[in-house]
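Order of the sequence lines fixes the chain letters, A, B, ..., with proteins taken first and strands second; residue numbering starts at 1 for each chain. From a predicted model like this one, the values you see are computed outputs, not experimental measurements.
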Amino acid sequence: MKLKLLAFGFAADILGQRKLEIDLPESATTADLRIQLDGMYPGLKKIGTYVFAVNQTYAQGIQSLNELDEVAIIPPVSGG
Amino acid sequence: MRYFKLTYEPLIVEETMTPLQHDALGAHVLFVGTVRNQSKNKRVVELDFEAYEPMAVSELELIADKIEQKWSIEHILLYHRLGKVAVGEIPVIAAISSKHRTEAFEACAFLMDKLKETVPIWKKEIFEDGSEWVSATP
């Protein structure tokens with residue numbers, strides 16, 4: 001499947017873009033996505049503990065993904 | 001009521017009071033954050049904020065749910081700037097209105113603490129000689 005991915009903050013700098021499409025096997029999970037992203041963009045490991053949001057909600061544990069999901073890479077937040 | 005705003009326009013403290021004031025309410029606690037001129041011994045020129053806007057609002061709604069469960073308060077307000085905010089300017093205003101002050105103080109502190117933990121907003125510090133995302137690296 002082709003998954004639409006959003007990136008913010010430091011993650012967007014490392015990916016060099018704020019929106020991208022990524023090829024994942026059908027029935028992939030957030031864990032699969034992390035392995036693939038960390039492989040494609042080794043700099044992401046420098047963020048330390050980024051998490052995913054699926055459809056604008058923090059992913060809880062390992063979550064399965066489908067092509068219609070809006071998935072975002074959320075580096076540690078720093079508002080205020 | 002809940003009042004949330006993410007904006008590229010300057011925040012004005014006095015205007016924040018307008019939706020909050022009501023004759024039945026005796027306490028309005030406002031927290032006003034301003035940009036400091038220093039961070040880690042480096043001179044800060046400005047901050048640059050970005051947000052995952054729809055999710056930021058939904059996370060604020062979740063925080064407001066928790067506040068309303070915990071305290072008897074009337075209004076919750078959170079205004080946050082996006083884009084570049086210079087030293088001395090206001091990136092954030094948080095406010096709680098209630099009948100009495102104790103709940104308002106506690107809830108306002110909680111709102112700011114949770115904002116910094118869960119709401120997808122990021123700041124980049126712009127120095128004279130470079131820039132850095134805050135808490136981007138361990």
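- Of the atoms belonging to B:Glu117, it is backbone heavy atoms, and not side-chain ones, that fall under 4.5 Å from chain A.
- Between B:Pro120 and A:Val77, the closest heavy-atom pair is CA-CG1, 3.7 Å.
- B:Lys70 and B:Asp65 are not joined by a salt bridge, as no carboxylate oxygen comes within less than 4.0 angstrom of a charged side-chain nitrogen.
- Under the 30°/60° scheme for interplanar angles, the aromatic rings of B:Trp122 and A:Phe8 are found to lie parallel.
- In this structure the side chain of B:Phe4 reaches within 4.5 angstrom of the side chain of B:Glu61, judged on heavy atoms.
- In this structure, CD1 on B:Ile67 lies 4.5 Å from CD1 on B:Ile76, to the nearest 0.5 angstrom.
- Looking at B:Glu89 and B:Leu11, their side chains never come closer than 4.5 Å, going by heavy atoms from C-beta outward.
- Heavy-atom proximity under 4.5 angstrom to chain B picks out A:Asp13, A:Arg18 from residues 12-43 of chain A.
- The pair B:Lys114-B:Glu59 fails the salt-bridge criterion, with no side-chain N (NZ, NE, NH1 or NH2) lying under 4.0 Å from an Asp/Glu carboxylate O.
- Looking at every heavy atom in both residues, B:Ala27 comes nearest to B:Ala104 through CB-CB, 4.4 Å.
- The contact list for residues 52-65 of chain A toward chain B, using heavy atoms and a distance under 4.5 Å, reads A:Ala53, A:Gln56, A:Thr57, A:Tyr58 by residue number.
- When every heavy atom of B:Leu111 is checked against every heavy atom of B:Leu77, the shortest pair comes out as CD2-O, 3.6 Å.
- With no hydrogens or angles considered, a side-chain donor-acceptor pair links B:Glu125 and B:Ser39 at under 3.5 Å.
- Of all heavy-atom pairs spanning B:Ile90 and B:Arg81, the tightest one is O-CG, 3.3 Å.
- Note on B:Ile93, B:Val35, B:Leu78, B:Thr118: by heavy-atom pairs under 4.5 Å with chain A, the leading option is B:Thr118.
- One finds the CD1 atom of B:Ile121 at 9.0 Å from the CD atom of B:Glu53 (value rounded to the nearest 0.5 Å).
- Interface remark: B:Phe49 contributes side-chain atoms only to the contact with chain A (heavy atom separation under 4.5 Å).
- For B:Ala94, no part lies under 4.5 angstrom from a heavy atom of chain A.
- Within the 4.5 angstrom heavy-atom criterion, only side-chain atoms of B:Lys124, from C-beta onward, approach chain A.
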